[in-house]
There are 2 protein chains.
Amino acid sequence: MKIILDYNSPLPLYAQIEEQIRQAIQTPEYKNGKKIPNEVSLSKQLGISRSTLRQAINKLVFEGLLIRKKGVGTVAANKAVNFKLNNWLSFTQEMKMLGIEVKNYELHVQWEKPNEELCQFFNTTSGARILKLERLRGKPEHPFVFFISYFNPRIGLTGNEDYSRPLYDILEKDFNTIVKLSKEEITAVIADEFLADKLQIKIGDPILKRKRFVFDPGSRPVEWNIGYYRADSFVYTIEAER
Amino acid sequence: MKIILDYNSPLPLYAQIEEQIRQAIQTPEYKNGKKIPNEVSLSKQLGISRSTLRQAINKLVFEGLLIRKKGVGTVAANKAVNFKLNNWLSFTQEMKMLGIEVKNYELHVQWEKPNEELCQFFNTTSGARILKLERLRGKPEHPFVFFISYFNPRIGLTGNEDYSRPLYDILEKDFNTIVKLSKEEITAVIADEFLADKLQIKIGDPILKRKRFVFDPGSRPVEWNIGYYRADSFVYTIEAER
DNA sequence: TATGTATATATGTCTATACATATTGAAATA
DNA sequence: TATTTCAATATGTATAGACATATATACATA
């Protein structure tokens, strides 16, 4: 990895390094999994302090371009995502942050035979039923999101839990299951008869669909979740600087 | 601001501080604009190094919960967003990152009278026409996104620029305009006759709508942009750990 | 061969400090 | 009064270093 520092540049050192690493990891060797040089030797090689180098790497890790592992090293992320975050919130937390008051309209708890996608996700067979949770939530005025969640049977959920409690609290306190990683896909769909009825909109109206896969610290699947949001009642906002 | 450190906790100091600041800034006083204590005094007060404190604050700044200003101080962000990033990409860059090959199908350059929203955004009157750029782009097989962009007249774009070049390159090199901040809103709409025709889908099909406001380093508006993406050809992905 | 222990490797956390520089407010000057 | 200058304030950048700890590998032993 070739990094050149220009001490006359108005750009701080860490910014120069960050940009050059960003370019370097686009090459096939790093895309194929090669580790970037370790922090101690790279900082020596560049003649800078390790803290300065870490500042550059920190940012690329925040952006999801690099994956760091303690004791192992740092590699380019192999799965391109629009972006990667270092925190994620449950629905309730997210609405609280956005200042949106939430009312619960419906809750359905049942057991269902998993389809092919769910079997693959949870690595189960279609024989045993798995827990399915459906919720209709919204503002005091009207519902605006319909959730469908399925849970990994290995967690041990019975269906008798108190679902007025925060879900991830239940998982953590009652089932020793901590959630860590969330992978989310956002796309658009149109309301069929079922969703139109739940969300009190017209058939054919636009819906923002957010699909989320939740994993525990060992990367084992915990939850598969879809949220169907009324497009007129929820907008996803992102702010970014460069 | 009351922060308590537990030296017996498995959580690193910066993580404890981060969480407590996260809670503290939800109170009305900080929501009303009060500055958090400055780094030097707060680190002294907590009996920790300033670098450790900065690590906690860095993360909250990354997440968009705090806004730091050199020489001034640090306040809670007053506009909640789903999240905040420290980098953003042009469409071309984004597709390259996602490994999607892009083909340009159509380009339209024209001047239009701005509606109320555009007048407010660019702080202009509806008298003078502003530059409107429309592009149809997609994969080699079919188009999947239709873009509409309007530009701030103060930039000086003539409409005669070579739009095969990267747009932000043109702005930077020919007009000394650097883009820095992007605010984006994602939502869902359904295809009307126009978009259905452009994107080669059926009227009423779902579309992922991404609206972007672009600003320069002085927070002056540069571009107002909407991208209409075929829902079946583009999914927005996010990965997050906690 | 499988398991346990020791060692090497690499990132994670934290300390302490120095100097640079943007911003703001106060004081001086025209 | 308006403008300029200067000092105080607060974050930004960078250095140097120490120790902790997760991971991988090598070696010893059953």
Side-chain angles (χ1 to χ4, degrees), chain A residues 1 3 5-19 21 25 30 33-62 65-77 86 180 217-219 241-242, chain B residues 1 3 5-19 21 25 30 33-62 65-77 86 180 217-219 241-242:
Chain A
M1 183 176 283
I3 296 183
L5 296 181
D6 172 7
Y7 286 90
N8 292 316
S9 170
L11 281 189
L13 295 180
Y14 69 85
Q16 294 180 43
I17 293 164
E18 174 199 320
E19 205 46 52
I21 294 180
I25 57 176
Y30 290 105
K34 177 177 171 174
K35 283 185 279 193
I36 71 169
N38 73 66
E39 296 174 359
V40 174
S41 67
L42 187 53
S43 58
K44 277 209 181 87
Q45 176 189 327
L46 296 175
I48 58 172
S49 111
R50 186 175 150 224
S51 295
T52 303
L53 176 62
R54 285 185 66 80
Q55 195 162 348
I57 296 176
N58 279 347
K59 187 153 178 196
L60 295 169
V61 170
F62 268 126
L65 296 183
L66 290 180
I67 300 176
R68 253 176 176 163
K69 205 158 184 186
K70 185 172 180 179
V72 180
T74 303
V75 296
N86 283 279
K180 182 177 167 69
S219 297
E241 289 189 358
R242 49 174 19 174
Chain B
M1 182 175 286
I3 294 182
L5 295 181
D6 174 9
Y7 285 91
N8 293 317
S9 169
L11 280 189
L13 296 180
Y14 67 87
Q16 294 179 44
I17 293 162
E18 175 199 320
E19 203 49 50
I21 294 179
I25 57 176
Y30 289 105
K34 177 176 172 176
K35 283 185 279 194
I36 71 168
N38 74 64
E39 296 173 0
V40 174
S41 68
L42 187 53
S43 58
K44 277 210 181 87
Q45 176 189 326
L46 295 176
I48 59 172
S49 109
R50 186 176 150 221
S51 294
T52 304
L53 176 64
R54 284 185 68 83
Q55 196 163 351
I57 295 176
N58 280 348
K59 187 151 178 198
L60 296 170
V61 170
F62 269 128
L65 296 184
L66 289 179
I67 299 177
R68 255 176 177 163
K69 203 160 187 185
K70 187 172 177 178
V72 180
T74 303
V75 296
N86 283 278
K180 181 177 169 66
S219 297
E241 289 190 358
R242 50 174 17 173

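Here is the naming used below: chain letters follow the sequence lines, and residue numbers restart at 1 for every chain. Computed from a predicted structure; not experimentally measured.
- Taking every side-chain heavy atom of B:L13 into account, C:dC14 is the closest of D:dT11, D:dT15, C:dC14.
- The distance from atom CD of B:Q55 to atom C1' of D:dG12 is 16 Å, rounded to the nearest whole Å.
- For the pair B:R68 and D:dG12, the criterion of a side-chain N or O lying under 4.0 Å from OP1 or OP2 is met.
- Put simply, A:R54 has a side-chain N or O that comes within less than 4.0 Å of OP1 or OP2 on C:dG12.
- One atom, CD of A:E39, and another, P of C:dT13, lie 11 Å apart when rounded to the nearest Å.
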Bracket notation of DNA chain D in which parentheses pair within the strand, [ ] cross earlier pairs, and | pairs with another strand (Watson-Crick or G-U, under 3.5 Å): ||||||||||||||||||||||||||||||
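- Using a 4.0 Å cut-off, some side-chain N or O of B:Y14 falls inside it from OP1 or OP2 of C:dT13.
- Residue B:K35 contributes atom NZ, which lies 6 Å from atom P of D:dA10 at whole-angstrom precision.
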Heavy-atom protein contacts under 4.0 Å, nucleotides 17-24 of chain C, coded B base, S sugar-phosphate only, - none: -B--BBB-
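- Applying the salt bridge (charged side-chain N to carboxylate O under 4.0 Å, His left out) test to pairs two or more places apart or on separate chains, those with a residue in residues 43-52 of chain A are A:E39-A:R50.
- Here the C1' atom of nucleotide D:dT11 and the CD1 atom of B:I36 are 11 Å apart, to the nearest Å.
- Rounded to an integer number of Å, the gap from B:L11 CG to C:dC14 C1' is 15 Å.
- In this structure, the CG atom of B:N58 is 14 Å from the C1' atom of C:dT13, given to the nearest Å.
- Between A:T74 and C:dT11 there is a side-chain polar atom (N or O) within less than 4.0 angstrom of OP1 or OP2.
- Between the CD1 atom of A:I17 and the P atom of D:dA14 there is a distance of 8 Å, rounded to whole Å.
- In this structure, B:Y7 and B:I48 approach most closely via the heavy-atom pair OH-CG2, 4.1 Å.
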